[in-house]
Amino acid sequence: MSVPVLEAWRVSKHFGAEKAVDQVSLTVEPGTAVCILGPSGAGKSTFIRCLNFLERPDDGYVFIDGDPLGYERVGDTFNEVSGRKLSRQRQRVGMVFQQFNLFEHMSALENIIEAPCGVLGTPRKDAIEKGMSLLTRVGLANKADSYPRELSGGQQQRVAIARALAMEPHLLLCDEPTSALDPEMVHEVLAVLSNLVSEGMTMIAVTHEVGFAREVAHRFVFMERGVVIEEGPSSDLSTERVKEERTRSFLAKVL
Amino acid sequence: MMTAPSGDKPFPSSSPDGASSATVNLDKTSRRMRRHVGSNIAGLVAVAILLFVVQGLARNSALQWSVVGQYLFSATVMQGLMRTLTITAVAIAIAVVLGTLLANMRLSKNRVLRAVNAVYVWFFRSIPLLVLLILAYNFSLLYSNLSIGIPFGPSFVTFMTRDFTTAMTAAFLTFGLQQAAYTSEVIRAAIMSVPKGQTEAAEALGMTQWRIMKRVVLPQAARMAIPPIANETINLCKSTSLVAFISVPDLLYSVQEIYSRTFQVVPLLVVATIWYTVIVSVLTLIQWWLEKVMQGPSRGNRSALIPAEAL
């Protein structure tokens, strides 16, 4: 069997007394897309942010391609790594944010080539060439020189996806990628993401788009109050087929 | 298709003068806008006062414009001007570099670094500039020797403080260190104004903290920090005239030197004033240019975004 791209083992995160994420485990095989669903405040975003250590889990481990994230294993001990090493480990995990978070002072193309040039040391010429092909892939080749404030929300999110892909991540995390978009722009972003899934990208997405979860993702995870209530194949995402009552009542509200 | 309503509009409650008809054809009306009489008068008054002041200055024989002209480009004044510019430039350079460092200390997770920053800012903001300047000039009275070595351990090189603290170094350090305390607060505010999402996106791309600061945070913070830093530079440039107290022949001191011999006090102060005005004007232009450059290349590039067919 292949090594899972991601393995989260009993990941917990609390803010003060409140347990935002409580012992959540998740395994994602290569080429699989997993959607995390749940009501707001369920800890979905906190959990996905733990997966690349934007939030440092208080407990549990995250393994990327079998290697622990944020630690180095020496026998039975996991030693915390330096910030520099953590940065290197993170290169395998791309992330797309709800608010896009494009670098405001850089053009679309500059946003995309910043990390390949600065972190991986890719020659600028090669990075530009690859950046342009990524922009073409998300349908924005004509916007290479535009600045984020000149782009619509949907266009910004597509540039943000291209920026994450430029690092050739093994795993793409999407934290509510369409929640900040005007309704007419949701589709263009979901289309790009479903293309990626069909091309074999491993993906974990926190989303409220149940339709996307059912049609594009392979599996779903339903979370509530920091714990996983139910997991299953995404084809089961209907009020008739889910097993848990809480999942059913959630789906009844959003469908 | 929608038809425009007819221009005839009835006014059931006709105007108090009784003369107006009850129905008005709106097509035939005209609009008369308010005239801003008050603001026009205020403008005229302001111009009149300005002209009055200017002609008063031009005709005042005590100003001795010929003397002003005689000394405006004299060697002494030019040397003084250069010193004023040098002190300003060195001090603001120290302030921006040290201020950025201090701002990062303040924003650090390390409590000790934050405390060191707090004490630094507190001290240099508490002590009057002139007191600090005289103290720095007389630093050798406080510590007669300076040495480089291991703290609490052996020292490798020892200087006499007196040889080291010339009036110029005292000036550089005083203005640089004090300005750094103020500038660090400006830079801290600017760094905090950069949204957290920018840092998170950079972290997620595997960028190191140092690189994130250099490539993502500081370039965006600089845009916010330039107007207040330019403002402080202008202020600093004039504060440097305090160095006259420690006998540094800057712009002010050099004209004082001349008028103490010739007793032409007013025209020489006018010479100094003219040069300070010139410096501030140039600084203002630099500020304007920097703000324009930082505001985003997008404005300049915009034409490139418009497809050729549209032109």
Side-chain angles (χ1 to χ4, degrees), chain A residues 48-49 51-55 82-108 110-120 142-151 159-160 163-169 171-175 180, chain B residues 100 104-105 107-110 113 187 190-227 289-311:
Chain A
I48 202 169
R49 287 161 59 85
L51 299 183
N52 68 351
F53 269 49
L54 279 184
E55 301 287 354
S82 66
R84 189 166 283 274
K85 276 207 176 126
L86 175 62
S87 301
R88 199 168 317 136
Q89 293 175 341
R90 272 175 172 153
Q91 290 165 21
R92 292 190 220 162
V93 185
M95 186 152 192
V96 173
F97 298 85
Q98 183 177 355
Q99 299 294 341
F100 332 131
N101 296 349
L102 288 180
F103 304 134
E104 299 291 333
H105 60 305
M106 296 181 190
S107 70
E110 286 167 342
N111 261 281
I112 295 170
I113 66 173
E114 176 60 29
C117 289
V119 177
L120 300 178
N142 58 338
K143 298 288 184 187
D145 294 328
S146 301
Y147 282 76
R149 64 169 168 273
E150 298 166 335
L151 299 173
V159 173
R163 176 176 69 175
L165 294 179
M167 292 296 282
E168 300 189 343
L171 169 68
L172 187 65
L173 305 174
C174 303
D175 187 5
Chain B
T100 307
N104 275 296
M105 282 168 75
L107 296 167
S108 135
K109 283 180 194 133
N110 186 324
L113 290 183
I187 294 175
I191 288 176
M192 289 198 311
S193 76
V194 177
K196 206 164 154 266
Q198 297 283 309
T199 315
E200 290 185 347
E203 282 179 350
L205 286 166
M207 291 167 74
T208 56
Q209 291 304 319
W210 165 247
R211 204 175 166 81
I212 293 170
M213 194 39 81
K214 194 176 76 172
R215 297 285 303 170
V216 177
V217 176
L218 286 182
Q220 295 188 63
R223 201 179 290 177
M224 297 291 299
I226 278 171
W289 174 78
L290 272 176
E291 277 180 34
K292 214 179 126 199
V293 169
M294 295 305 241
Q295 253 335 299
S298 69
R299 302 266 146 83
N301 269 353
R302 191 171 271 289
S303 59
L305 300 172
I306 303 168
E309 308 90 275
L311 293 172

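Any value given below was found using the heavy atoms of this structure, including those in side chains, with hydrogens, waters and symmetry copies removed. By convention in this document, chain letters (A, B, ...) are assigned in the order of the sequence lines, proteins followed by strands, and residues within each chain are numbered from 1.
Taking CZ of Arg90(A) as the start and CG of Leu205(B) as the end, the distance is 10.5 Å to the nearest 0.5 Å. Residue Glu200(B) holds its CD atom at 7.5 Å from CD of Glu55(A), rounded to the nearest 0.5 Å.
In this view, Lys109(B) satisfies the salt bridge (charged side-chain N to carboxylate O under 4.0 Å, His left out) rule with no residue, not counting sequence neighbours. Considering only residues two or more places apart in sequence or on other chains, Gln198(B) meets the side chain to side chain contact (heavy atoms under 4.5 Å, CB included) condition with Phe103(A), Glu104(A), Val194(B), Pro195(B), Val216(B), Gln220(B). Qualifying side chain to side chain donor-acceptor pair (under 3.5 Å) partners for Gln98(A), counting only residues two or more places apart in sequence or in other chains: none.
Met207(B) and Ser87(A) make their closest contact through O-OG, 3.5 Å (heavy atoms, listed as atom of the first residue, atom of the second, distance). The shortest heavy-atom contact between Pro219(B) and His105(A) is CB-CD2, 3.5 Å.
Residues of residues 208-215 of chain B placed with any heavy atom under 4.5 Å of a heavy atom in chain A are listed by number as Thr208(B), Arg211(B), Arg215(B).
The choice from Glu114(A), Arg163(A), Arg92(A) that makes the most heavy-atom pairs within less than 4.5 Å of chain B is Glu114(A).
Contact annotation for Leu173(A): neither backbone nor side-chain heavy atoms come within less than 4.5 Å of a heavy atom of chain B.
Surrounding CE of Met192(B) are more than 12 heavy atoms belonging to other residues, nucleotides or ligands, all under 6.0 Å away.
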